[in-house]
Amino acid sequence: MKRENALNTVGLCLLAACFLFALFRVFSHKRADIGDGRVVLRFAHWQLEGGLRDAFTQLARDYEALHPGVRVEQLAIPERTYAQWVKTQLVGGTAPDIIQLGGATDEETLARFFSPIGETVARPNPYNAGTPLADTPLRETILDGMVSTPAYQPNLLDHYGIPVSMFTVRMYYNQELWRLILGDTPAPATYDEFLSVLSRVEDYNRRTGRSILPIAGSKANAPMLINALMQNQTQRLVQERIAGPSLRTTGTEIGLSLLRGEWSLEHPAFLDALTIARETGLRMQPGFLQLGREDASFYFIQGRALMITTGSWDSPSFRSQVNFDIGIFPIPLPARDHPRYGRNLFGRASEAETGTGLTFGITRLSKQPERATDFLLFLASQPHNTAFTRLSGWLPSVVSVEPPPEVEPFLPVPEGYVPGFDFSLGWLGANTTRVMNTGSNRLYSPQGSPEAFLATVSPALPAAIHEDVRRNARQLALNIARQDIALISYLALGQRQPEEPAHANRLDQVLESQHALESTRTRNLATLDKLGAR
Amino acid sequence: MPARDFLFITAFGVSLACLPAPALHAVEATGPEPLADPIEQAWRDATLYLFKESFTGFGEQDTREARLGRATLLLVQQPKTEANLNAAARELESLASAATLDDVSAGARYLLGRIAHVHRMQPDPAAAAGHYRRLIAEQPEHLLADQARIKLALIQLYEPALPRDQLLARLDALAAEADALARPGSRRDFHLVLADAVRHHRLDDERLLRHYLAADAAGVSRPTSRANIVVAVGELAARLGQHDLAHAYFRRFLAEFQRDYRRALVRDKLAALPPLASAEPATQTAAPDAR
């Protein structure tokens with residue numbers, strides 16, 4: 001009994017000690033920040049790819065050299081736990097000064113916990129002094145003009161983040177395997193050359209008994225290739241049957257035009273899109289759509305796959321993990337003169353609208369928001385974004401930055417045409433994608449065919465489109481309702497401060513946006529009603 | 001007690017002990033320094049979607065402005081309930097029916113229309129139209145009366161089973177109403193709503209082109225919307241054989257929108273147009289693509 005009491009006492013003491021230790025850790029956090037007399041600036045992101053953290057570390061040291069009173073700390077948080085981590089830190093009041101914006105930071109979180117930086121991005125970046133961008137407002141020094149989310153928040157009518165990079169998708173190949181299988185054959189420039197490479201790999205496997213995958217596929221990687229091919233094949237279909245005079249379309253318009261019978265899944269262009277998807281899908285490992293991104297990466301890194309389709313973000317990681325040279329080439333799409341597929345397209349898809357990414361925002365909890373802003377200006381300046389791209393192997397976000405040779409193949413190619421759509425029908429919604437996915441086995445199995453795919457998908461697709469259009473309308477209704485609040489609020493502020501033009505400007509933006517959304521929503525619902533409920 | 005149990009209890013205790021530590025340090029979301037005027041602060045919070053803070057900020061004050069603020073915020077209180085909407089509607093009706101017509105009564109009447117039009121689970125277009133019409137009649141020059149006209153047009157143009165001749169007559173009347181608005185922003189939005197309706201009902205390109213041109217003349221702020229309108233004017237003008245106009249708008253698009261993936265398509269369309277009737281180019285020459 002005595003022994004039990006003693007153990008209980010020890011347990012309680014341990015408990016109390018742990019509690020006190022936790023308290024000490026929390027309350028001493030602020031003291032630790034200034035432990036060596038320097039202000040500590042902390043920034044968090046989820047990019048664990050090799051090379052990037054080293055690049056940020058080096059840039060942090062460069063910034064500290066310019067500002068001796070500052071210490072910059074980097075917090076790399078795994079992507080899987082990032083959203084929960086960010087929410088916990090923000091609510092707990094322990095968030096770092098700067099946080100990478102993304103899935104965890106919805107509009108409400110941004111409004112509540114992040115500082116708008118519209119005024120900052122409207123001014124020149126002082127770190128661009130001495131460069132041709134010295135007098136240019138910051139937002140115009142960023143490649144996409146900072147018009148894309150999460151940097152700009154259309155409903156909040158302000159900028160909340162500064163992007164540091166951007167991303168494109170390319171084909172990667174193992175140069176050693178390439179020479180072994182294909183000799184001095186150059187990287188394919190046309191779709192037929194690409195198909196020939198795929199066939200030669202299969203011949204090689206038959207001859208040698210090896211099992212080299214022509215392309216490593218997964219549910220993350222395969223769509224990057226297959227969707228590009230499908231978008232290539234539906235280019236002309238979009239312009240001729242779906243897009244209005246603005247020559248641009250949306251997922252909802254694609255879905256509604258299908259329901260109205262303006263095109264069908266049996267349209268020759270869509271059948272060609274399915275055929276081309278099958279042609280490449282069959283060259284990936286069986287069941288590739290059940291595999292994760294890591295599985296495809298392992299196949300490639302271990303030299304068991306000749307090629308992989310992935311984004312520019314993987315380049316430094318791959319290069320640091322493999323013992324062979326990696327080659328890069330653009331996805332070889334059929335051209336207009338292709339005898340079979342050329343009829344469906346205008347030309348190569350343009351990458352002019354590639355958005356920027358790796359966007360950082362400043363939390364309202366920051367004790368030194370001016371310093372945090374200054375650090376982001378540093379990262380987004382021409383000289384230091386040049387250093388970023390050189391150190392990380394990632395694309396720059398700033399105009400006129402000369403990338404190093406290994407990054408050049410990833411630069412967006414603006415020349416080209418408006419892409420078409422893929423299985424997602426222009427990202428119409430989850431129901432449409434789910435129905436399309438149910439047919440994938442019928443498309444990619446050796447016994448499958450486009451016709452078998454359509455037999456599975458066609459009966460269920462109209463109801464899925466209906467549901468997705470209605471769901472999008474509900475989302476629009478939410479935004480429209482919130483805009484009513486903003487409208488009345490800006491009107492009230494404008495009446496209180498008629499001399500402040502910002503209120504009138506923002507009121508005008510709210511009205512323009514709301515009328516456009518409400519008109520679109522009314523039109524879509526009227527179309528659905530006309531088509532009849534399903 | 002077995003040592004294993006002791007370890008488990010200790011580990012559980014340690015985990016439990018660590019839980020409250022961050023909570024003790026938790027903070028409310030901080031923002032910029034609060035303004036001295038709580039009502040102004042509440043409106044600012046509402047523009048930032050900080051609805052809870054905004055509702056609290058309007059407090060218990062009995063001014064008409066504070067009552068409008070509280071009623072407005074009730075429309076987005078979570079969970080969204082009919083009870084909240086009914087409470088908001090009662091307060092707004094009281095404010096809108098005041099003897100003196102002012103900005104608060106205009107806001108209240110407009111929101112009554114909005115509640116019936118979009119905020120309720122089951123919209124009531126007839127009731128919404130009634131409120132919009134009353135606002136237009138009572139305060140025709142108010143900015144919100146302009147908005148009420150546009151929302152009313154949305155109800156009128158998408159009325160189910162509307163005969164074509166009635167639809168065309170409505171469109172003509174509404175186009176005249178849009179042209180008569182004094183505020184450029186209202187003219188722009190009205191004409192864009194009309195353009196959408198023309199597209200929805202598959203009416204003629206001349207009508208569509210007229211609305212896009214009117215919206216463009218009024219000034220379109222949003223770059224994506226402006227780009228769409230400039231391309232659409234070029235395309236419609238080309239289809240209608242108004243080649244000089246098509247030249248002008250296609251060239252304007254190429255000069256103004258350097259990072260748009262329609263550039264090649266527009267260049268092709270420009271090249272396919274017959275040469276300009278006049279020797280002078282209609283607008284600036286096309287700029288080369290930027291990276």
Side-chain angles (χ1 to χ4, degrees), chain A residues 4 7 11 14-15 18-19 22-23 26-27 91-94 107-108 111-113 144-145 147 156 244-248 346-347 350 352-353 364-365 414-418 477 480-482 484-486 488-493 495-496 508-509 511-513 515-516 518-519 522-523 526-527 529, chain B residues 1 6 9-10 13-14 17-18 21-22 24-27 29-31 40 43-44 46-50 65 72-73 75-76 103 107 111 114 118-119 143 147 150 154 158 160 185 188-189 192-193 196 199-200 208 221-223 225 228 231-232 235-236 259-265 289-291:
Chain A
E4 212 167 282
L7 282 173
L14 267 173
L15 203 65
C18 288
F19 184 71
L23 282 183
V26 170
F27 288 111
V91 172
T94 51
E107 276 174 7
E108 196 178 334
R112 193 172 294 277
F113 292 107
D144 67 351
V147 294
L156 299 174
S246 70
L247 314 181
R248 187 190 273 277
F346 295 105
S350 163
E353 296 191 12
R364 289 190 193 275
L365 302 163
E415 279 300 329
Y417 290 84
V418 185
I480 290 164
R482 287 177 167 189
D484 273 341
I485 313 307
I488 295 294
S489 304
Y490 280 121
L491 201 57
L493 287 169
Q495 285 152 1
R496 284 171 157 264
D508 186 62
Q509 289 178 53
L511 290 172
E512 188 178 354
S513 166
H515 287 306
E518 202 165 345
S519 182
T522 308
R523 193 154 56 102
T527 303
D529 290 345
Chain B
M1 177 191 279
F6 172 75
I9 289 171
T10 307
V14 167
C18 292
L24 285 174
H25 191 60
V27 292
T30 57
E40 186 176 334
W43 287 125
R44 283 185 189 271
T47 66
L48 291 172
Y49 291 11
L50 300 175
E65 188 180 4
T72 305
L73 269 299
L75 303 182
V76 284
D103 289 323
L111 286 178
R114 299 300 290 157
V118 294
H119 289 269
L143 171 75
Q147 311 317 311
I150 300 169
L154 275 175
Y158 292 92
R188 169 200 64 209
D189 295 335
L192 290 178
V193 162
D196 270 355
R199 278 196 62 203
H200 173 75
L208 189 54
S221 311
R222 293 190 309 157
S225 184
N228 288 344
V231 171
E235 173 69 5
L236 290 166
R259 286 179 49 83
D260 189 301
Y261 57 30
R262 289 169 291 188
R263 290 176 62 82
L265 209 49
D289 272 328
R291 200 191 84 200

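These numbers come from a predicted model, not from an experiment. Reminder, nothing fancy here: chain letters follow the sequence lines and each chain counts from 1.
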Per-residue tally against chain B (heavy atom, under 4.5 Å) across D484(A), L511(A), T522(A) peaks at D484(A)

S221(B) and D508(A) have their tightest heavy-atom pair at OG-OD2, 3.2 Å

So, the part of R523(A) with a heavy atom under 4.5 Å from chain B: the answer is both

So CZ of R263(B) and OH of Y417(A): to nearest 0.5 Å the spacing works out to 12.5 Å

Nearest heavy-atom approach of A492(A) to E65(B) is CB-OE2, 4.3 Å

To the nearest 0.5 Å, atom CZ of R114(B) lies from atom CD of E518(A) at 4.0 Å

Of L154(B), V118(B), V193(B), the largest count of non-hydrogen pairs under 4.5 angstrom with chain A goes to L154(B)

Checked A352(A), A526(A), S350(A), S513(A) vs chain B; the most non-hydrogen pairs under 4.5 Å come from A352(A)

CZ (R262(B)) and CD (E353(A)) are apart, to the nearest 0.5 Å, by 7.0 Å

Most contact-rich option vs chain B, by heavy-atom pairs under 4.5 angstrom, among A516(A), P245(A), G347(A), A486(A), is P245(A)

Ranking D196(B), V231(B), I150(B) by heavy-atom pairs under 4.5 Å to chain A gives rank one to D196(B)

Check your understanding: Is there a side-chain contact between S519(A) and L192(B) (heavy atoms, below 4.5 Å)?
Key -> no

Smallest heavy-atom separation, E512(A) atom then R222(B) atom, equals OE2-N, 3.3 Å

Under 4.5 Å to a heavy atom of chain A? For H200(B) that would be both

Between S489(A) and A46(B) the two heavy atoms that sit nearest each other are OG-CB, 3.2 Å

Practice prompt. State, with a plain yes or no, whether a side-chain heavy atom of T47(B) is found less than 4.5 Å away from one of L493(A).
Written response: yes

CD1 of I485(A) to CG of L75(B), rounded to nearest 0.5 Å, is 4.5 Å

Result for side chain to side chain contact (heavy atoms under 4.5 Å, CB included) between I488(A) and one of D103(B), L73(B), T72(B) points to T72(B)

On a heavy-atom basis, the closest approach of G244(A) and R199(B) is CA-NH2, 3.6 Å

Exercise. Decide yes or no on side chain to side chain contact (heavy atoms under 4.5 Å, CB included) for R259(B) and V147(A), but give the supporting numbers first.
Key: CA-CA 11 Å; R259(B) 286 179 49 83; V147(A) 294; over 6 Å; no

When the 4.5 angstrom heavy-atom criterion is applied to L247(A) and chain B, the contacting part is both

Turns out that what part of F346(A) lies under 4.5 Å from chain B's heavy atoms comes down to side chain

In short, V76(B) meets A481(A) closest at the heavy-atom pair CG1-O, 4.4 Å

